[in-house]
Number of protein chains: 2
Amino acid sequence: MMYVNIDFNSDEAIYIQLRNQIIYGIATSQIQEGDYLPSVRELAEYIGINMHTVNKAYSILKQEGYVKLDRRKGAIIAIDIDKMQAIEDMKEELRVTLAKAICKDVSCQEAIEVVKEIFKEFERG
Amino acid sequence: MMYVNIDFNSDEAIYIQLRNQIIYGIATSQIQEGDYLPSVRELAEYIGINMHTVNKAYSILKQEGYVKLDRRKGAIIAIDIDKMQAIEDMKEELRVTLAKAICKDVSCQEAIEVVKEIFKEFERG
DNA sequence: TATCTGTTATATAAATTATATAACAATCAG
DNA sequence: CTGATTGTTATATAATTTATATAACAGATA
């Protein structure tokens, strides 16, 4: 079973935290293409949250192209790679993140260093 | 007056959109250190939203170290530069953004290219 | 057949978001 | 001093989002 840790005091919604951690799991190769995720009921009980909260996370992951959902089989990691779209989505998020950084006097080189660090983090997992 | 454009159909809260656009304004040097923002009542009427929604945006900007608020004078751009903190905050956001990108097969070099593009965007504004 | 799957449908409660008034103390122009 | 404007604070209300609780359905499969 994949490592999952929900912070119930976070201002981030539980289903968003869960979605992000599953994406971390994929990015760090803890879970791979073809792997099964726990069923919504199973994972809900394991974490101690409602079935629908897990279902919401799974539905978003499906919509965003990270998993496929099948009856009986459950959720399977299946990345739908639309690189053009992915880069566009990334760019949109980076605009906000980097605008904040620029205001705080962070340079392009410093931002690039952090990007490199994070890529190294994910290569190991 | 700074350019502000709120999308009322967005899933992003109005006060968050407003905060982000003010940060864009600073990052692109449309507004600078020492400049005044419109009063909460003035900007609210201009955009067509409630005074408290603008106040919420200003309060967050204050808390995050982008403005100072004075009675009578209103809100003044005043960047509190804590670079260590800024880089740490940036890193935390980048972890989510880049994890998604990595799942979609985006390389480190491609991410870096996008960072460079955005820095160029902001240099001009 | 019996069980487990995602899915869908309600219902409810809590929290967040946005609005509407109102009032306060500080500030400053006249 | 007067009057007007500022951010600030306090309520109240409505809509939306988030999370939970049950329940039932159809498809898959051991």
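All heavy atoms count here, side chains included; hydrogens, waters and symmetry mates do not. Proteins get letters first, then strands, A, B, ... in listed order; numbering begins at 1 in each.
For the pair B:Ile14 CD1 and D:dA15 P, the computed distance is 15 Å after rounding to whole Å. Atoms CD (B:Glu12) and P (D:dT16) sit 18 Å apart, rounded to a whole Å. The CD1 atom of A:Ile76 sits 12 Å away from the C1' atom of C:dG6 (whole-angstrom rounding). For A:Asn50 and D:dT18, the CG to P distance is 15 Å, given to the nearest whole Å. As a whole-Å value, the separation of B:Ile47 CD1 from C:dA18 P is 12 Å. Between A:Leu61 atom CG and C:dT7 atom C1' the separation is 17 Å, expressed in whole Å. Separating the CD atom of A:Glu45 from the C1' atom of D:dT22 is a distance of 16 Å, rounded to the nearest angstrom. B:Ile60 has its CD1 atom 12 Å from the P atom of C:dT16, to the nearest Å.
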So which protein N/O to nucleotides 9-12 of chain C N/O distances come out below 3.5 Å?
residue	atom	partner	partner atom	Å
C:dA9	N6	A:His52	NE2	2.6

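Residue B:Tyr15 comes nearest to B:Ile60 through the heavy atom pair CE1-CD1, 3.2 Å, listed as atom of the first residue, atom of the second, then distance. Among all heavy-atom pairs drawn from B:Ile47 and B:Phe8, the shortest one is O-CZ, 4.3 Å.
Counting only distance, with no hydrogens or angles, the side chain of A:Asn20 and the backbone of A:Gln17 share no donor-acceptor pair below 3.5 Å. No donor-acceptor pair under 3.5 Å is formed between the side chain of A:Lys91 and the backbone N or O of B:Val114. Checking side-chain atoms of A:Ser10 against main-chain N and O of A:Ile6 turns up no donor-acceptor pair under 3.5 Å.
A donor-acceptor contact under 3.5 Å links the side chain of A:Arg41 to the base of C:dT7.
Taking the nucleotide of DNA chain C with the nearest heavy atom to each of A:Ser59 and A:Asp11, the more 5' of the two is matched to A:Ser59. Of the residues near DNA chain D, A:Lys56 and B:Leu37, the one whose nearest nucleotide (by heavy atom distance) lies more toward the 5' end is B:Leu37.
In the set C:dT5, C:dT7, D:dG7, D:dG7 carries the atom at the smallest distance from any side-chain atom of B:Val40. For A:Ser39, whose side chain is taken as the heavy atoms from C-beta onward, the closest listed nucleotide among C:dT5, C:dA18, D:dT8 is C:dT5.
Using modelled atom types and a 3.5 Å distance limit, the side chains of A:Thr28 and A:Gln30 yield a donor-acceptor pair.
Contact annotation: B:Tyr15 side-chain N/O to C:dT17 OP1/OP2 distance is under 4.0 Å.
If you check every strand for non-hydrogen atoms under 4.0 Å, A:Lys68 touches nothing.
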**Request:** Quick one: do B:Lys104 and A:Asp89 satisfy side-chain contact (heavy atoms from CB on, under 4.5 Å)? Show the steps, please.
**Result:** CA-CA 11 Å; B:Lys104 300 288 188 170; A:Asp89 293 346; over 6 Å; no
